[in-house]
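Following: one structure in structure tokens, then a few remarks.
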Amino acid sequence: MAQSPLVDMRDLYFVLFEMLQVDKLCAFPRYGILDRDLMGDTISLAERISLGEWYPIDGKADEDGLSFDPSAGTVTVPSYVRGPYRTMVDAGFIAVSDRDDPRGLPMSVSIACKELFCSASAALAFLTLLTGSAAGLIRRFGTTEQKDLYLEKMLTGTWSGTMCLTEPGAGSDVGRVATRAVALPDGTYRISGRKMFISAGEHDLTRNIIHLVLARTEDAPPGTKGLSLFIVPKFLVGTDGSLGRRNGVFCTGIEKKMGFHAGPTCALSFGDDDPCMGYLLGGIGQGMRIMFEMMNEERIFCGLQGLASSSAAYHHALTYARERLQGVHYSRILDPTAPAVPIIEHPDVKRMLLWMKAYVDGMRMFTYYLAWNIDMGELYDGDAARQARAMVDLLTPLCKAGNTDTVWLVTAEAMQVFGGYGFCRDYPVERLARSCKALSIVEGTNGIQSMDVVLRKILLNPDRYNYSFFRSCVMKTVESALHKVDSPCVDIVAEGMEKMDEVISVLNGHLISGRMEDLLMLTTPVQQAMFMLVLAWMHLWSLTLTLHRLEDFTRCKEPGSIVKEDGEAAFYHGKVMASRFFLLSEFPKFFGRTRAILGA
């Protein structure tokens, strides 16, 4: 398998088909037309488009940025972005996100395709990811007329979609949303207000933009219970699907961001100069409940972007380290005639690369496992469905926060491998570092995700079902690893789970005694520790598979030579090395974190 410069395709397939065995989903009627070959062909197509068309324009698009016309309230993207966008949507990569559509793929497969696009151009991915999620809300909560008007054009990328929550005076405090929706006699609503930080809120890639807007109806109660959700198209749509006049929603400015220069982040006004018409999606007062479905999906996609940018940064650093000649081999450090060697020969560079690989591999296993549980929750009934939904509930904010905190560290480490060049725009890691920082802020800051994990998803969860089932899954892997995996790697995960139990017990004591400030100050440290525990679990699970496969290669041949000669043996060797490194060199830091939590 040819090596991608951005994503380890062999590892992608390992996680999907060896760990998660996603091809077994084809046994369900919903995915009966699929098989492993078709899944693989779809992923390969995503790889070709992302590498062949998206990746080549990413640097130039970041440099050129966007054009904003304040008089017309319009945003123009670079002209060369349109072709790659059309190639992606014409290939069906928005439609595959809709699992209720005949073209839909399991979440665990579509998320692999999305990783490829995100790794090639995070800014362009931001322009596309929202559309599939917005279409999904219309499918689940819209009327028949709304589905007929909007779905097909959104799923084919002819129209795009957004979600509009944040306001200048509200920020993450969504309950303070002040945008108004006044009912009209014909059943429509007149929308007035302002939104900010709206991703892809205005652009010229599509003929129409379908905004999903949180607003407050007349006499609505305060807080989130008073919010409803409205479909607000940029251009009004006739009953036959044709475009009518421009609706009264306009862009008043685009943010001057540190990164994501090719992705418009917009301030929008509704009804300032011209009437802005909206159409109720779902019921009155159901806006936040409906929107949370899309928000949770976008949080997973933020975690996915963290993984994708980490993967790209690691692979750029790996390629550079193999090619850059500097310094002599450490074994000849006193020899003035020794030739320069690639910097990958230096032990500290090897350590940095192995550290990045361990996190990238761990995040991929974690993110795909979360997506697989979404599939399980939708396809199964009874206890199996409840268990899968519990994992999704618990792990979604953890994936969002953990991956997006980690990408900032991985891109920094990749920059360090490049040395001074990494700080310059000659190489792409500088762009990745600038852009990735937004991921820990958007879709709910990571502090909010931490509170969600600790409070709603663990301490206040009835019977602590989420955490109990998570614990049982970790310990099941520990039991499976006994006598298969080196005992230090097994024991440390079991000890980590016990220590997390102790942490949860202490947090519960704070909750019972009303020491809320103490509790809330610990939510982020707990989230960060738990993220490490999840990655340790993933690496132990991986070892139960990779060690056996590696032994098959080395049973009849000397390990060093077979790893050099056989690409498959080299892959499994790399997986084993990365997992052992994480469990024995990185995961011990978890215990320092938990000691600090317990001593706080």
Is there a donor-acceptor pair under 3.5 Å between the side chain of Asn403 and the backbone N or O of Gly303?
yes

Carboxylate-amine/guanidinium contact Arg10 Glu568, below 4.0 Å
yes

Do the side chains of Asp393 and Arg456 get close enough for a salt bridge, i.e. N-O under 4.0 angstrom?
no

How are the rings of Tyr427 and Phe418 set to each other: parallel, tilted or perpendicular (split at 30° and 60°)?
tilted

For the atom pair NE2 (His316) and OG1 (Thr411), what is the distance rounded to the nearest 0.5 Å?
11.5 Å

Worked check of side-chain hydrogen bond (donor to acceptor under 3.5 Å, both in side chains) between Asp552 and Tyr572
CA-CA 10 Å; Asp552 288 343; Tyr572 288 117; over 6 Å; no

No-hydrogen, no-angle side-chain donor-acceptor test under 3.5 Å, Arg389 and Asn373
no

Begin from the C-alpha positions of Ser311 and Asp8 and carry the test side-chain hydrogen bond (donor to acceptor under 3.5 Å, both in side chains) through to its verdict.
CA-CA 8 Å; Ser311 176; Asp8 186 339; over 6 Å; no

Could you tell me if the ring centre of Tyr359 sits under 6.0 Å from that of Trp355?
yes

Compute the centroid of each ring, for Phe28 and then for Tyr380, and state whether the two points are separated by less than 6.0 Å.
yes

Does a side-chain N-to-carboxylate-O contact under 4.0 Å join Lys476 and Glu479?
no

Between Glu495 and Lys499 (salt bridge meaning N to carboxylate O under 4.0 Å), is one present in this structure?
no

Cationic N near anionic O, under 4.0 Å, Asp348 to Arg351:
yes

Does a salt bridge link Arg364 with Glu115, judged by any charged N lying under 4.0 Å from a carboxylate O?
yes

Does atom CD of Glu378 have more than 12 heavy-atom neighbours, drawn from other residues, nucleotides or ligands, at distances under 6.0 Å?
yes

Are Phe590 and Phe587 close enough that their ring centers fall under 6.0 Å?
yes

When you compare the side chains of Asp375 and Ser108, does any donor N or O come within less than 3.5 Å of an acceptor on the partner?
yes

What I want to check is whether the side chains of Ser133 and Glu298 have a donor and an acceptor closer together than 3.5 Å.
yes

Can you tell me if Lys114 and Ser97 form a side-chain donor-acceptor pair at under 3.5 Å?
yes

Nearest-0.5 Å distance that lies between atom CD1 in Ile597 and atom OG1 in Thr524
10.0 Å

Aromatic ring proximity Trp537/Phe470, centre distance under 6.0 Å
yes

What residues form a side-chain hydrogen bond (donor to acceptor under 3.5 Å, both in side chains) with Glu498, not counting sequence neighbours?
none

Residues in side-chain contact (heavy atoms from CB on, under 4.5 Å) with Asp101, at least two apart?
Asp98, Arg103, Arg139, Leu155

